[in-house]
Amino acid sequence: MYADIIIDITHEKLDKVFQYSIPSKLEGMLNVGTEVCVPFGLGNKERRGYVVDFSNECRYEESKIKEIIRIAEESIAIEGRMVALAAWMKEHYGGTMIQALKTVLPVKRQAKAKVKRTIRLLLEEEAGKERLDFYLHKNQKARARLLAALLDNKEIPYELVTGKLNIAANVIRALEGQGVLALEEEHVYRNPIRVQEKAAKKLEYTEEQRNAIDQFRKDYREGIRETYLVHGVTGSGKTEVYMEMIADVIASGRQAILLIPEIALTYQIVMRFYRRFGERVSIMNSRLSAGERYDQMMRAKNGDIDVMIGPRSALFTPFEHLGLVVIDEEHESTYKSEQIPRYHARETAEARARMEGASVILGSATPSVDSYYRALQGKYKLLPLKNRAMLQKLPFVYTVDLREELRNGNRSIISGRLRELMEDRLQKREQIMLFINRRGYAGFISCRACGHVAKCPHCDVALSSHKGGRLMCHYCGYEETLYETCPKCGSKHIGGFRAGTQQIEEVIQKEFPAAKALRMDMDTTREKDGHEKILSAFANEEADILIGTQMIVKGHDFPNVTLVGILAADVSLYADDYRAGERTFQLLTQAAGRAGRGEKSGEVVIQTYSPEHYCVEAAARQDYEGFYEQEINYRELMGYPPAEQLLAVLLTCEDEGLLDKGGYYLKEYANKMNKRSEYRIIGPAAPYVGKINDIYRKIIYIKHEKYGMLIDMKNQLERYIEINEGFHNIRIQFDFNPINIF
Ligand code: ADP
Ligand code: ZN
Ligand code: ZN
């Protein structure tokens, strides 16, 4: 027997299978996905690799074939079906097979098992007392102390004995030897969920909720597996719907995965699931320790849990009988990986679901244009929830034109309308959220006289000014001191454009000195649980105002928030990216949706320089369909996804000349492959960021209506790159329907 092996080296040239023979000692012990050690290369250096297939025939000269050395130590085998999923990912997103394999294996090494040790008394009461007298008589104090404790409590945790009772391990061993006690060890799983409350109260579902649940339930029971899009306004009870669907799937003996953006993985949501499903729920996220992560994976593998909640990578939870993947907030850009393979969790979930006979639920108040397009085409089943579950009204939205504010002499970040409403809420002791679209103190710095902008000498992007008079590059970390006069024209009128969270905090402190404000952004949430702490302080009404970036839009429900202010609605409109409008609409709608979630109704103030922009208008009306219609027109007109599919080919190289040449030849080749002019090929161009860390970047865009045709093109380009020496010092990456234009 022979095994095909993918060697664990990330190098395009080695991206193929190597055949090895299986020694007799390993016969029957290897599966697809087993990690093994093999001799590799001329020096027979020992390398790790994964088995991906078996065969009976030797494809090379028998005498030259090498033997597998052993199964790798502490390895975790990849499930066979995950190897198939990895192959699908490699095909659809590019990159090497080993990169794909590592992606479907989120926990790569075994962690030491956690053991719980207990000391148990073996003697009967009478015999124990006699023994105690004996120790006391002999003045063996530690032994006496331990035995006395055991006579009170027949079982005591080991840590308590060595800790609180201060008894040394050799004393325990001595009594064990004398048959007084037994030391018991039990393997326990680390459970990252700390429970406080239990038992969910039963809800009466609304009619819309019932319709959604019934539709899914009926299909599921008939064996129909589909992708559904739950389009429900914020607070419409989507989470309740997911839980009911998941309960159904579990009842049929299958398991479910719930993906949520990492930022929304809060105590609140986990507890809701815990109340419903008890110990059979687990979570996976980057804040867990390696041991905790390993244990959660094993619990899933061993069938000890039915539901896994986590961000993107939780999609690869090794459940035996996956029945359902739910992707909440499916429009979030964090579902797209920015590492190779640059997969999208939505498409990958659908692929896994197809392979394993599962269904997929996508949910959002503001579905991605991609998903809504597919729903309208009939590829997804649309399940609408148009009303809030407890029939609270959607908030009333005011739009404030900032240009007019300036004309009226108001130079503050806070418009007249917003100030008035804030004063009202502070007086009523209701809470306020202020939302800003950026981080940092004041964004980039420019000269008001000549327009000079401070840029990073390595990265071709504007530097951001930070507190303490520093200018920083967000790509490479370059820093310099903020200058007082313009280096170009000498003017003193230098300033930041956009306000950041810190600056707003200062304005609030000045203008509303009696109010207590909390700030949540990258800087205040850096420490472990920082973001949880701020949110729970606000939920406990320890502050009147929460100021924040994108982060405050997600996760928590604050029933006492009755006013949301969006300070600069349009800054994200002008990003150099076809998704800018979609992103702005989503942000505004989601932020507005935070108001009036409780019994009191809410109000929202959108401050903007472009009140007439369709994204701002539609968000103010909370009108998804209206936004979608305009947006899809624009995408169709411009040939952007989802109307057409887009493949970005990014070339990077330290040598600008070499890069130019590489870009030229690659485009020439793509043109040659485009005999019938089906593809539209654009570039190579310098991307938005032309240089990062002294490495130059060029980009080629290829468009086609059919995704499959782009995969064909990618495969041809990959082969061309592999056989051509000229590309060896250029890094080439593929990105299908990129989320961030490079
Ligand atoms: P979404 O996920 O759409 O934002 P949730 O499921 O979080 O909505 O529901 C919003 C609030 O309404 C929650 O507090 C939830 O417990 C409550 N809720 C949901 N459905 C019902 C219902 N049928 N009856 C009463 N309360 C409900
Ligand atoms: Zn100047
Ligand atoms: Zn830089």
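Both ligands and their constituent atoms are indexed starting at 1 by order of listing. Note that these values count all heavy atoms, side chains included, but never hydrogens, waters or copies made by symmetry.
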Minimum-distance protein heavy atom relative to atom 16 (O) of ligand 1: Glu240 OE2, 3.5 Å
Polar contact flag, side-chain donor to acceptor under 3.5 angstrom, Ser282-Gln296: yes
Nitrogen or oxygen of Gly237 less than 3.5 angstrom from that of ligand 1: yes
Closest to atom 7 (O) of ligand 1 among Lys238, Glu329, Arg210, Arg272 (heavy-atom distance): Arg272
Atom indices of ligand 1 within 4.0 angstrom of Leu203 heavy atoms, with elements: 20 (N), 21 (C), 22 (C), 24 (N), 25 (C), 26 (N), 27 (C)
Carboxylate-amine/guanidinium proximity below 4.0 Å for Arg425 and Asp544: no
Residues Arg81, Glu356: salt bridge by 4.0 Å N-O rule: yes
Check: Thr234 N/O within less than 3.5 Å of ligand 1 N/O: no
Taking atom 17 (C) of ligand 1 as the reference point, the nearest protein heavy atom with its distance: Met390 CE, 4.2 Å
Ligand 1-proximal atoms of Ser236, by part, heavy-atom distance under 4.0 Å: both
Check ion pair Asp295-Arg299 (N to O, under 4.0 angstrom): no
Numbering as shown, the atoms of ligand 1 that approach Thr206 to under 4.0 Å (heavy-atom distance): 23 (N)
Salt bridge present between Lys218 and Asp248 (N-O < 4.0 angstrom): no
For Ala389, the ligand 1 atoms whose distance to one of its heavy atoms is below 4.0 Å: 12 (O), 18 (N), 19 (C), 20 (N), 21 (C), 27 (C)
Nearest non-hydrogen protein atom, atom 20 (N) of ligand 1: Gln209 NE2, 3.0 Å
Side-chain donor/acceptor of Arg312 to backbone N/O of Lys336, under 3.5 Å: yes
Thr317 (side chain) donor-acceptor with Ala314 (main chain) under 3.5 angstrom: yes
Mutual orientation of the aromatic rings belonging to Tyr624 and Tyr372 [parallel < 30°, tilted 30-60°, perpendicular > 60°]: perpendicular
Heavy-atom nearest neighbour in the protein, as seen from atom 14 (O) of ligand 1, with distance rounded to 0.1 Å: Asp557 OD2, 4.0 Å
Pair Arg254 + Asp306, salt bridge at N-O below 4.0 Å: no
Side chain, backbone, both or neither: the part of Glu204 lying under 4.0 Å from ligand 1 by heavy atom: backbone
N or O pair under 3.5 Å between Gly235 and ligand 1: yes
Thr239, portion touching ligand 1 at heavy-atom distance under 4.0 Å: both
